[in-house]
Structure formats: C-alpha cells, structure tokens
Amino acid sequence: MLRVRCLRGGSRGAEAAHLIGAMLGRAVTGWVQRAFQSTSSAAAAQSQRAIEEEHVTEPMLQECPVCSYNEWDPLEEVIVGRAENARVPPFTVEVKANTYEKNWPFYQKYGGQSFPDDHLKKAVKEIEEMCNILRHEGVTVRRPEPIDWSLEYKTPDFISSGMYAAMPRDILMVVGNEIIEAPMAWRARFFEYRAYRPLIKEYFRKGAKWTTAPKPTMANELYDQDYPMHTVEDRHKLAAQGKFVTTEHEPCFDAADFIRAGRDLFVQRSQVTNYMGIEWMRRHLAPDYNIHIISFKDPNPMHIDATFNIIGPGLVLSNPDRPCHQIDMFKKAGWTVVKPPTPLIPDDHPLWMSSKWLSMNVLMLDEKRVMVDANEETIQKMFENLGIKTIKVNIRHANSLGGGFHCWTTDVRRRGTLQSYFH
C-alpha cells in the first residue's frame, strides 16, 4: 500500500497518526493517468501499477500543516486578519439586529463605505505590531489576501457590497486536521471566504482536510423582517424564547459561536447561528466530537468568545454580565469558572460592532501565556494571579472593527492531541 503519514493531523477519532493514501511526484501522476484510461487497457494498467508499487518499501513522512483541538495547546501557526480595505456593512436588517441603537447613526452614515480613514490606518498599524509580537513569541503568522470589498455583487436573492477579512475566527474553524468554512449569516460577508482561499488551498495540498458548510441563499426568508430592534427588554424576552433575527429557513452559522475543548465543542444559538447550522455541525463532527448548546442572559448574542472563553483544561472565563444558564454543568464537571473584571475601556471609545467585553477575548499562546489588551490592567492582574504570563498588546483601534485577539485570529496548528476535558 502507498502511504504518507500525516503526523499532526489525524482524522476524526484518531489522536495521533493519520494515514492517507497518496504518493508524490511521478508516481501520483502515473496513477491519475491510469485512472482515466479506457477499460480496454485497465488490465495492463493494473499490472504496471502493481510493479511500480512493489518499489515503495517505506512510507514517506509529511507533517500535517493543520492541527488544533482546543484553545490553549502551544500555538505554532495562526491566521491573523486584515484591516486593509475594511468597509462598514450596509445597514440591513441582520446588521441592525446585531448592533446597538447608539451606533445606528454611524451605520446610516457610513454603511457601504470605508470605515473612517484615520481610524482604519491606526487599526492596520496595531495589527501589524500584533503580528510582529506573535512572531517574536515563536508563532508562524499567515494573512488573508487583500481584497477590494467595495465591489457590489448580486445574487438571485440580494444585492450587497463586502465588508472585510479582519476576523478569521468568524469564518474559519479548525477541528483536528480539518478546516471548516462557516456559511456566515450577513449578506455583506457572503464572499468573505475568497480572502482565505489561497491559504486554505495551500493547507489542503499539504494534507489538511477542507470542508465548506452549505452556503445559505440569504434570501429574505432567512431573516425575521419584523424583529423588534429598539429596546433591550424586547431582545431579552425574545432571546429567552430562543427567537432571533435569523430564522430556521436554512442552515447558517458563524464559526465564532463555537468554542473548542477537545472532544467537546460548545455553541450558542445567536443572531448569526441558527439551530439548523448547529445540527449540521453536530452531524458533520459525530461521532468523534460532541456538540453542546449553551445559552446566556444576553439580549444580543453574536459570537461566544467575549461571553464564554475557555482558556485551559477545565478553566473558563465566564462574563459576569452575561451569566451562562448551564454553568452548573461545568462546575459539576470540575471546571474552574473565572469571572473577569469589568473592562476599563473608556465610554467614548468607538466600538461600532462589539461591547467592552473584548477585554476577555484573549488568545492563549499556551496554558501559561496569554495575549491580552495592554490597556486592561485589571484583567492582566487576574491572569497573573492564575499563574499565566501576559503578552501585552494594544489593538484598541482594531477593537472598533468588532473583535479582540481571539476574533482577529484563527489558530491553524497547536501542538497537542485529541483529549476529553468535559465529563
């Protein structure tokens, strides 16, 4: 048998080596050519193939470029997003439902246009410095392609322009040696995957698995056109009833509504992730992974990692302003639940697409190192008390585009194996 050992990957259910049928160079070319020969020459081709295979006596070793099972194993390679060319999304119903009323004038003014130029330039510089610091910490940094997001596009169901490739966590999730492209739920993000395709194709050619979830049409039926927007009380009531701006018309989800802990992944039903999307993920990853739906006292749920961020085996940051309704099951499993301190970010700093709780949206470099906001001294102290070294970085202007360190990244490879942490 012709085999290549993929050392870091492993198919679902494998915890170490993953064997894939493949060859390199001329042997592969020969196999492909024979596969498409006519049936009249099949016997001769089979005989020739057997002769060639006899000469392969040792498996060739190839390190799988993609492997990550959780949020805290030692980080070796990461994708960091781009702020370049970022655009404010058009102010459609799904965007309105995910933003607070105080920011609506900003969207009404800038929707479909570039973010304010001076602010965007500062964000670009901050992310470049973040990349430099990651490299200094020994992490390989990859970036998506720069794309012109101003181009308008039309499908049979809607017209929109693009947004950005700033938050790879929203669109890409790595589970073992598999890259999963999320379908997304905002029309402005329909073609966001294009910025990442060159990278994904490179990883695929080197042995990674690549799955694209079903792409929604994003027709009007996916959105509740009458979703109440104006009061937080209305949103609280609807969230408690499991009702959001996205309907169950078709599967949709953002990858950032999932968070990984080995064989167990936790997800919330949110404004951008519906139950059909969660069920697709459950069936896709079964039986080797378990999907747990959890919920929070949150009137505007969108992405789990500024509400519930798992930072180590049995160690989770839980937002005190958005308590988890199922927190007892984590305590019964022996997990340590840490409530992070109130963020220090000033009220007048623009956060057009997120809350102040980006302070807990941290990136673990390993169990004992964390990338954290340089301005958030209280959460730095919290980590130090936990015995975790803080790598301080300032991305305050980049925060305004909708994410912290976890959002701005997708970990491609962490050094570790598949384990169970939730019993």
(message) Is it the case that the side chains of T211 and E181 hold a donor-acceptor pair, with the cut-off being a distance below 3.5 Å and no angle test?
(response) no
(request) Indicate yes or no: does E137 engage R369 in a salt bridge with an N to O separation below 4.0 Å. (result) yes
(request) Using the six-membered ring wherever Trp is involved, compare the ring planes of F204 and W210 and label them parallel, tilted or perpendicular (cut-offs 30° and 60°). (result) perpendicular
(request) To the nearest 0.5 angstrom, please state how far the CZ atom of F258 sits from the CZ atom of R169. (result) 13.5 Å
(request) Please examine the side chains of V80 and R143, heavy atoms only from C-beta on, and report whether any two atoms are closer than 4.5 Å. (result) yes
(message) Against the six-membered ring of F296, is R322 placed for a cation-pi contact (under 6.0 Å from the centre, within 45° of the normal)?
(response) no
(message) Is any side-chain heavy atom of M329 closer than 4.5 Å to one of I294?
(response) yes
(message) Minimum heavy-atom separation for V174 and V412, please, with both atom names.
(response) CG1-O, 4.0 Å
(message) Using modelled atom types and a 3.5 Å cut-off, is there a donor and acceptor pairing between side-chain atoms of Q225 and backbone atoms of E221?
(response) no
(message) If I take atom CG from residue L344 and atom CG from residue D373, how far apart are they, to the nearest 0.5 angstrom?
(response) 9.0 Å
(message) Determine whether a donor-acceptor pair (N or O, by modelled atom type, separation under 3.5 Å) exists between the side chain of D254 and the backbone of A256.
(response) no
(request) State which residue, out of Y69, F266, W72, fulfils the ring pair (Phe, Tyr, Trp, His ring centres under 6.0 Å) condition with Y421. (result) W72
(request) Measure across P65 and R413 and return the closest heavy-atom pair with its distance rounded to 0.1 Å. (result) O-NH1, 3.0 Å
(message) Using the rule ring pair (Phe, Tyr, Trp, His ring centres under 6.0 Å), only one of F115, Y107, Y100 pairs with W352; which is it?
(response) F115
(message) How close do L172 and T410 get, counting heavy atoms only, and between which atoms?
(response) O-OG1, 3.4 Å
(request) State, yes or no, whether a side-chain contact exists between F253 and N274 at a heavy-atom distance under 4.5 Å. (result) no
(request) Rounded to the nearest 0.5 Å, what's the gap from CD1 on I200 to CD1 on I79? Could you check? (result) 7.0 Å
(request) Would you mind telling me which of V139, T390, I133 makes a side-chain contact (heavy atoms from CB on, under 4.5 Å) with M371? (result) I133
(request) Could you grab the distance from atom NE2 of H397 to atom NZ of K121, nearest 0.5 Å is fine? (result) 13.0 Å
(message) So R82 and P168, do their side chains get closer than 4.5 Å, heavy atoms only?
(response) no
(request) For the pair N290 (side chain) and D264 (backbone), establish whether a donor and an acceptor sit closer than 3.5 Å, ignoring hydrogens and angles. (result) no
(request) Determine whether P116 and Y110 make a side-chain contact, defined as any pair of heavy atoms from C-beta on separated by less than 4.5 Å. (result) yes
(message) Counting C-beta onward and ignoring hydrogens, is there a side-chain heavy-atom pair between W408 and M130 closer than 4.5 Å?
(response) yes
(request) Please answer whether the main-chain N or O of N309 pairs with a side-chain N or O of D305 as donor and acceptor at a distance below 3.5 Å. (result) no
(request) Would you sort out whether V370 and L363 count as a side chain to side chain contact (heavy atoms under 4.5 Å, CB included), showing the intermediate values? (result) CA-CA 6 Å; V370 61; L363 177 68; over 6 Å; no
(request) Answer with yes or no after comparing the ring centroid distance for Y196 and Y203 against a 6.0 Å cut-off, counting only values under it. (result) no
(message) As a quick check of understanding, evaluate side-chain hydrogen bond (donor to acceptor under 3.5 Å, both in side chains) for W357 and T307, giving each step before the final call.
(response) CA-CA 8 Å; W357 284 102; T307 299; over 6 Å; no
(message) Do W335 and V316 make a side-chain contact, defined as non-hydrogen atoms from C-beta onward lying under 4.5 Å apart?
(response) yes
(message) Working note: V175 + L285, criterion side chain to side chain contact (heavy atoms under 4.5 Å, CB included); need CA distance, chi angles, decisive distance, verdict.
(response) CA-CA 9 Å; V175 181; L285 293 175; 4.1 Å; yes
(request) Could you pull out all residues at least two apart from P251 that satisfy side-chain contact (heavy atoms from CB on, under 4.5 Å)? (result) M276
(request) Output the distance between atom CD1 (I304) and atom CG (D257), rounded to the nearest 0.5 Å. (result) 7.0 Å
(message) I'd like to know whether the aromatic ring centres of H292 and F422 sit less than 6.0 Å apart in this structure.
(response) yes
(request) Please name the pair of heavy atoms, one in V95 and one in P90, separated by the smallest distance, quoted to 0.1 Å. (result) CG2-O, 3.5 Å
(request) Apply side chain to side chain contact (heavy atoms under 4.5 Å, CB included) to the pair I310 and F308, showing each step before the final yes or no. (result) CA-CA 7 Å; I310 304 173; F308 198 78; 4.3 Å; yes
(request) Could you tell me whether the side chain of N361 and the main chain of G404 form a donor-acceptor pair under 3.5 Å? (result) yes
(request) Spell out, as yes or no, whether a donor-acceptor pair under 3.5 Å connects the side chain of E84 to the backbone of V124. (result) no
(message) Check this for me: does any side-chain nitrogen of one of R415 and D366 sit under 4.0 Å from a carboxylate oxygen of the other?
(response) no
(message) Salt bridge check, E202 against R142: does any charged N sit closer than 4.0 Å to a carboxylate O?
(response) yes
(request) Tell me, with the steps shown, if Q271 and T246 meet side-chain hydrogen bond (donor to acceptor under 3.5 Å, both in side chains). (result) CA-CA 6 Å; Q271 302 285 19; T246 46; 5.4 Å; no
(request) Would you please say whether a donor-acceptor pair under 3.5 Å links the side chains of S270 and Q268? (result) no
(request) Answer yes when K122 and D118 have at least one side-chain N-carboxylate O distance shorter than 4.0 Å, and no when they do not. (result) yes
(request) Go through the side-chain N and O atoms of N375 and N394 and say whether any donor and acceptor fall under 3.5 Å apart. (result) yes
(request) Could you tell me which residues satisfy salt bridge (Lys or Arg N to Asp or Glu O under 4.0 Å) with K356, sequence neighbours excluded, listed by chain and number? (result) D347
(request) Using a strict 4.0 Å threshold on nitrogen-to-oxygen distance, state whether R260 and D411 make a salt bridge. (result) yes
(message) Does any part of the side chain of T273, heavy atoms only, come nearer than 4.5 Å to the side chain of F244, both counted from C-beta?
(response) no
(request) Under the side-chain hydrogen bond (donor to acceptor under 3.5 Å, both in side chains) rule, what do T140 and E76 come out as? Steps first, then yes or no, please. (result) CA-CA 6 Å; T140 298; E76 295 183 342; over 6 Å; no
(request) Please assess S295 against Q326 for the test side chain to side chain contact (heavy atoms under 4.5 Å, CB included), listing each intermediate value before the final yes or no. (result) CA-CA 7 Å; S295 60; Q326 296 82 17; 3.2 Å; yes
(message) Counting neighbours of NZ on K339 that are heavy atoms of other residues, nucleotides or ligands and sit closer than 6.0 Å, is the number greater than 12?
(response) no
(request) Please determine if E250 and K215 form a salt bridge, counting it only when a charged side-chain N lies under 4.0 Å from a carboxylate O. (result) no
(request) Give, for atom OG of S150 and atom CZ of R87, the distance between the pair rounded to the nearest 0.5 Å. (result) 5.0 Å
(message) Parallel, tilted or perpendicular, judged at 30° and 60°: which one describes the rings of F191 and Y193?
(response) tilted
(message) Which heavy atom of L401 sits nearest to which heavy atom of M353, and what is that distance?
(response) O-SD, 3.2 Å
(request) Answer yes or no: does atom NZ of K243 have more than 12 heavy-atom neighbours from other residues, nucleotides or ligands under 6.0 Å? (result) no
(request) Look at R283 together with E279 and state whether they make a salt bridge at an N to O cut-off of under 4.0 Å. (result) yes
(message) Is the ring pair H349/H119 parallel, tilted or perpendicular, if the boundaries are 30 and 60 degrees?
(response) tilted
(request) Return the minimal non-hydrogen interatomic distance between L351 and N103, and the atom names on each side. (result) O-ND2, 3.3 Å
